[in-house]
Number of protein chains: 2
Amino acid sequence: MKLLIIDDEPAITETLEAKFRKEGFSTFVADSAEEGMRLFKRVKPDLIILDIMLPNRSGFDLCRAVRKEFATPIIFVSARADEGDRIKGLEMGADDYVTKPFNMSELVARVKAILRRSTGEPVQDIIERGNLRIDPRTHLAQLDGEPMNLSPKEFALLYFLARNSGQVFTREALLDRVWGKDAYVSSRTVDVHIRWLRMRIETDANQPERLVTVRGIGYKFVG
Amino acid sequence: MKLLIIDDEPAITETLEAKFRKEGFSTFVADSAEEGMRLFKRVKPDLIILDIMLPNRSGFDLCRAVRKEFATPIIFVSARADEGDRIKGLEMGADDYVTKPFNMSELVARVKAILRRSTGEPVQDIIERGNLRIDPRTHLAQLDGEPMNLSPKEFALLYFLARNSGQVFTREALLDRVWGKDAYVSSRTVDVHIRWLRMRIETDANQPERLVTVRGIGYKFVG
DNA sequence: ACCGTCGGTTAAGAAATCGTAAAGGAAGCG
DNA sequence: CGCTTCCTTTACGATTTCTTAACCGACGGT
C-alpha cells in the first residue's frame, strides 16, 4: 500500500513516515503542492494525507486537481479546527478530516478503514466488458488491448455505465453520480459525451450496441 | 435488506427496529453477543449495527469473529465517546462508528450509504406474469424472452397494469397514476395505448386475454 | 329490435426527444 | 502569456411518440 504524504513541516512528515513504515506502508513525501502533484502522477498512491496549509497553492487546489480525474482517497490534515475548512474539505471530496495535533494511532486506524473500504472486494476495480477493459486505478481504458485516450469526463462516464451494466440512467441521474451532486449543467451535455464515447467504442455509431439510448429515459450500457 | 441489531438496551433496539422497518428493512434483534452470533449465522444479514458494551463478551469479540469469515458491514454504536474505543473499532474493521446519543436519521443515512457501496443494488422490481417479464431497472420488457420495443408510455402503462394485476382501473385513474397527476389529456388516449399494447402481447387482438376491457369501468391486466 | 352509449380502430397533425455539429469558454500546461 | 485540451451550451433537423378526432361496430336496456 502506497501512501503519499504532503506537508511542509519536516517534524510532521518524519513522524508520519516512521509510523506508517512501521505499519507496513510504502511512503512518499512531498513538501509542496507542486512536488506532491508530480509524485502523485508518478507513484499513483493508494491514499493521500494532505496538509491544507501549504506554500503557494493550498491543499484545496491539489485536492481538486486530483479529484478531477482520480478517486484516490484523501485525508485532510489541518492545524486549524475551523469548521468552515472542514466542510469545504469534505465537500471537495476528502474522505476524512483530521485536525492537529492528532492522535497518531487514530490516524493509522482511519487510513486503514478508508483503504479497506475503497479497495475492498465489493467494489471490483477493473472492469471488463467484452473487448473493453477499464482500470480506474491507473485511469486506463483499453479497447481490444489498444489504449483509448479518454478525457476525464469520458472516462468517468464510461466507467460508471459499464460498472452498472444493463441499468438505465436518466441524464439527471448521470449528472448526479458522474458529474457530482452539485453540478449545475444542462442535461444535454450528457448526450454530447455519449456521442464522443460512441465514436470511440461503437463499430457503427449510428447503430449503437454498447451505449444504448432508451428513448424517453436515458442511456444504458449493454454487454 | 436484512439488518441485524445487537444491543442489550430494549429502549434502543425498539427504537431502531421501528425506524428501520419503516424504511423498508427486515430487522433482527439480539441482546447479547452469543445470541447475535447465532442470529448472524442463521440470517446472514446485509449489515450489522453493533453495540460495544454487551454482557459477557464485548462487541469487539463479535466483530472480530464475524470479520474472520465475512465482509458484512458493521456499524459500531457506543455510549462512550472514548477515543480508544473508536480507534479499536475502526482498526477491527468496523465501517463506521457512532456514539450515543445519536441522530436516528443520520444513522439511517449512514446505513444506506454503506449498503449502497457494498451491494450496489437497491431492490428487486422485476415483474413476471406468464411469458411476460418487465424490468424497470434495465427498462426492458420481454415476451417469451424476446425483447419488445415499447415506447415510454407503453412501457409505463404495461408495467403499472401488470404490477397491479387483476385490479380494474378507470381511464382517469390510469391517467393519474401513469401519465401523472397534472396531465391534462383526453381519457380516450388510454384506449389508443391499450390497443398498441394489445397488438404486442395478445395472440388475438380481437379476443384480449391479458389486457381486458371492463365495460363501463376501464381496463385490467389478467395473469 | 331499436337506440344510446361505450369501446375499437385508424390516420393525421402536434409535440417531444434525440443526434449532431459547431462555437465559445474554462482550465491546464509549458 | 499563448497554446491546447476539454467541457458546455445551443441550434437545427430527423425521427419517434403522443394526442386528438372521426368513424364504426358492439353491447345492453327497454
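Within every chain, numbering begins at 1; the chains are lettered A, B, ... in the order of the sequence lines, protein sequences first and strands thereafter.
- An OP1 or OP2 oxygen of D:dC18 is reached within less than 4.0 angstrom by no side-chain nitrogen or oxygen of B:Y184.
- Residue A:R188 places none of its side-chain N or O atoms closer than 4.0 Å to OP1 or OP2 of C:dT17.
- For A:R195 and D:dA14, the CZ to C1' distance is 14 Å, given to the nearest whole Å.
- B:T213 is not listed as a side-chain neighbour of B:P208, based on a closest heavy-atom distance of 4.5 Å or more.
- Other residues, nucleotides and ligands place no more than 12 heavy atoms under 6.0 Å from the CD atom of A:Q207.
- In this entry the distance linking CD1 of B:I194 with P of C:dC6 reads 18 Å, nearest Å.
- Under a 4.0 Å N-O distance rule, the pair A:E34/A:R38 does not qualify as a salt bridge.
- The distance from atom CH2 of A:W196 to atom C1' of D:dC7 is 6 Å, rounded to the nearest whole Å.
- Between A:L157 atom CG and D:dC6 atom C1' the separation is 14 Å, expressed in whole Å.
- Phosphate contact (OP1/OP2 of C:dC29, side-chain N/O of A:K41, threshold under 4.0 Å): present.
- For the OP1/OP2 pair of D:dT17 and a distance below 4.0 Å, the side-chain nitrogens and oxygens of B:H193 include no atom meeting the criterion.
- Evaluation of atom-type donor-acceptor distances gives a pair under 3.5 Å for the side chain of A:R215 against the base of C:dT17.
- A:T189 has a side-chain polar atom (N or O) that falls below the 4.0 Å cut-off from OP1 or OP2 of D:dT9.
- Contact check for A:L161 versus A:L211: side-chain heavy atoms found under the 4.5 Å cut-off.
- Taking side-chain N and O atoms only, A:S151 has a distance below 4.0 Å to OP1 or OP2 of D:dC7.
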